[in-house]
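One structure is given here, and the rest of the page talks about it.
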There are 2 protein chains.
Amino acid sequence: MTLEPVRRPALSDEVIDRIRARIASGEWPVGTRIPPEPELMRQLGVARGTLREAVRALAHTGLLEVRRGDGTYVHATSELSGAVSRLYGGSGLGQLLEVREALDAQAARLAAVRADDAALDALAACLERRAAAWRAGDFEAWVAADWDFHAGVADASGNPLLAELYRDLAGPLRSAMAGTWSTPGFQGADPVGHETLLAALRERDPAEAGRQAGANVADTREWDARGRA
Amino acid sequence: MTLEPVRRPALSDEVIDRIRARIASGEWPVGTRIPPEPELMRQLGVARGTLREAVRALAHTGLLEVRRGDGTYVHATSELSGAVSRLYGGSGLGQLLEVREALDAQAARLAAVRADDAALDALAACLERRAAAWRAGDFEAWVAADWDFHAGVADASGNPLLAELYRDLAGPLRSAMAGTWSTPGFQGADPVGHETLLAALRERDPAEAGRQAGANVADTREWDARGRA
DNA sequence: AAACGTAAGACGTCTGACGTTTGATGTCCA
DNA sequence: TGGACATCAAACGTCAGACGTCTTACGTTT
């Protein structure tokens with residue numbers, strides 16, 4: 001048999017994994033200020049340069065946020081966020097929406113098959129809050145409820161990878177479109193589309209669910225185009 | 001008016017941008033060995049630690065690959081690859097396939113509307129090569145042609161973001177499934193599905209194109225499940 | 001010609017020092 | 001008492017030098 005050469009991963013990569021593990025495990029929730037460099041050096045037994053390389057790498061991916069003179073904070077749990085936001089800068093909103101449409105529809109299709117009753121009830125509750133906020137004119141609450149609904153559908157797809165990708169893509173998009181939504185001419189947010197999507201999920205109809213989800217995004221895209229014109 | 005504080009981005013972030021710019025501009029194509037640390041230090045006018053932080057960050061995202069004792073090479077042009085491969089480690093092949101299915105179908109739908117004749121002809125040529133390789137029993141060439149076809153559809157969607165995301169997701173998946181494909185029991189690779197997809201593109205039928213693309217991925221998923229059983 | 005040994009080049013890590021920024025603390029004066 | 005100011009400690013940013021380890025290429029030897 002052939003002997004495998006002893007491959008030792010770089011120490012800084014080891015440190016990266018350790019830190020990411022602490023974030024993923026929930027030991028350091030989002031918003032936490034992680035221990036200062038001297039403390040981490042002691043805990044991990046590495047020199048400052050090695051530690052800083054690891055922190056810098058995680059900060060670049062968006063997992064950490066380093067505030068000079070203050071400390072280093074956990075900024076997200078997904079490593080995609082950094083890359084996505086940089087990608088978003090280069091591409092237009094329209095491209096992002098087209099991708100989101102694909103993910104949204106797929107999540108709906110899968111959710112129609114896999115979502116359990118509890119998840120569906122939770123989605124219904126989201127739509128309740130969403131409609132109530134709309135009637136009350138509470139824009140902020142409406143946006144939050146809308147987001148919860150869409151993210152909930154992604155979760156209900158039973159595909160964590162899809163859900164994470166969806167959050168990473170749709171999140172920045174949502175904040176980028178805040179301007180469009182507050183445009184006076186914007187009246188819609190037609191809640192009917194979301195209701196029909198939920199109905200399709202309840203009936204376990206993947207095709208119809210996918211169609212409804214796609215239609216919702218298409219509406220959003222149209223609003224965006226209108227607001228931009 | 002309130003004066004914005006002078007926010008100077010960290011030098012290492014500046015270095016990150018400079019290096020990424022050189023890669024994005026094509027000055028350093030994939031596979032290039034970038035100048036050694038001492039040379040880059042001179043070019044950029046920074047200390048070694050600062051430079052190393054930048055390189056490590058880009059290596060973590062998958063843009064660079066550092067080979068100890070040898071040098072640092074350009075590994076990709078997309079910053080997503082690193083995050084995707086790490087994500088893939090945690091999630092199963094099935095999840096990846098479901099996401100790919102969404103992107104594939106959306107790319108096909110968009111391509112049906114936007115692809116020009118030249119792009120369609122190029123896709124047809126890919127299928128020619130693909131079929132020829134299959135008949136000749138040249139597995140490697142078949143895989144390459146198949147990949148060119150799918151990537152070509154993604155490009156033809158006219159959405160660079162979608163195309164890049166597709167490549168980043170499907171690339172690792174493809175190599176991960178190489179084992180499945182070489183399984184003796186695997187006979188299919190039914191070329192008909194791809195032909196009908198191309199036909200749908202030619203007829204500018206987005207719905208049909210999306211359906212065909214989805215069916216192709218579904219077949220792949222089935223093969224995977226079978227090979228794994 | 002093939003196998004071996006050697007040396008140069010490149011990245012990996014450590015140590016130490018100093019600069020800059022931030023946030024908190026304490027002080028002074030109105 | 002309360003606010004404005006000065007001060008200080010903590011934390012990150014950057015630089016410099018040194019040494020270790022690994023990879024590759026080259027030259028030597030057999």
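Naming convention: chains lettered A, B, ... in sequence-line order (proteins, then strands); numbering from 1 in each chain. These values consider heavy atoms only, across backbone and side chains, with no hydrogens, waters or symmetry-generated copies.
Nearest-nucleotide assignment on DNA chain D puts the 5′-proximal partner with Ser12(B), out of Arg8(A) and Ser12(B). For the pair Thr72(A) and Gly69(B), both in contact range of DNA chain D, the more 5′-proximal nearest nucleotide belongs to Thr72(A). Along DNA chain C, the nucleotide nearest to Gly45(A) and the one nearest to Arg67(A) differ in position, and the one closer to the 5' end is contacted by Gly45(A).
If you measure from atom CE of Met41(B) to atom C1' of dG12(C), you get 14 Å, rounded to the nearest angstrom. Per the geometry, OH belonging to Tyr73(A) stands 12 Å off P belonging to dT22(C), to the nearest Å. Here dC15(D) presents its P atom at 11 Å from CG of Leu44(B), a figure rounded to the nearest Å. The distance between atom NE2 of His60(B) and atom C1' of dG12(C), rounded to the nearest whole Å, is 18 Å. Rounded to an integer number of Å, the gap from CD of Glu37(A) to C1' of dT13(C) is 16 Å. Straight-line distance from the CD atom of Glu53(A) to the C1' atom of dT15(C): 15 Å, rounded to whole Å. Going from atom CD of Glu65(B) over to atom C1' of dA10(C) covers 15 Å, rounded to whole Å. Between the P atom of dC12(D) and the CD atom of Glu39(A) lies a distance of 11 Å, rounded to the nearest Å.
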Check: residues 57-68 of chain B side-chain donor-acceptor pairs under 3.5 Å, at least two apart:
unit_1	atom_1	unit_2	atom_2	d
His60(B)	NE2	Glu79(A)	OE1	3.1
His60(B)	NE2	Arg86(B)	NH2	3.4
Thr61(B)	OG1	Leu58(B)	O	2.9

Result block: side-chain N/O donor-acceptor pairs under 3.5 angstrom for residues 37-44 of chain A, not counting sequence neighbours:
unit_1	atom_1	unit_2	atom_2	d
Glu37(A)	OE1	Arg48(A)	NE	2.6
Glu37(A)	OE1	Arg48(A)	NH2	2.9
Glu37(A)	OE2	Arg52(A)	NH1	2.8
Glu39(A)	OE1	Arg42(A)	NH2	3.1
Glu39(A)	OE2	Gln43(A)	NE2	2.9
Gln43(A)	OE1	Arg22(A)	NH1	3.1
Gln43(A)	OE1	Arg22(A)	NH2	2.9

Give me, pair by pair, the N or O atoms of the protein and of nucleotides 16-19 of chain C that are less than 3.5 Å apart, along with how far apart they are.
unit_1	atom_1	unit_2	atom_2	d
dA17(C)	N6	Arg48(A)	NH1	3.2

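Counting only heavy atoms from C-beta on, Asp70(A) has its side chain closest to dG23(C) among dG23(C), dC11(C), dT14(D). Closest to the Ala47(B) side chain, of the nucleotides dA11(D), dG12(C), dC15(D), is dC15(D). Taking only side-chain atoms of Arg56(A), from C-beta outward, the nucleotide of dC11(C), dC15(D), dG13(D) with the closest atom is dG13(D).
Under a 4.0 Å N-O distance rule, the pair Asp148(A)/Arg130(A) does not qualify as a salt bridge.
Dense packing is recorded around CD of Glu27(B), with more than 12 heavy atoms of other residues, nucleotides or ligands lying under 6.0 Å away.
Within 4.0 Å of Val46(B), counting heavy atoms only, lie sugar-phosphate atoms of the nucleic acid but no base atom. Gly49(B) comes within 4.0 angstrom of nothing in the nucleic acid, heavy atoms only.
Between Arg52(A) and dG13(D) there is a side-chain polar atom (N or O) within less than 4.0 angstrom of OP1 or OP2. Look at Thr50(A) and you'll find a side-chain N or O under 4.0 angstrom from OP1 or OP2 of dC14(C).
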So Trp28(A) and Ile19(A), side chain to side chain contact (heavy atoms under 4.5 Å, CB included) or not? Walk me through it. CA-CA 9 Å; Trp28(A) 290 343; Ile19(A) 296 179; 4.0 Å; yes
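Atom-to-atom distance recorded for Glu98(A):CD and Leu161(B):CG is 9.0 Å, nearest 0.5 angstrom. Between the CG atom in Leu162(A) and the CZ atom in Arg167(A) there is a gap of 10.5 Å [rounded to 0.5 Å].
For the pair Leu103(B) and Gln106(A), the minimum side-chain heavy-atom distance is 4.5 Å or more.
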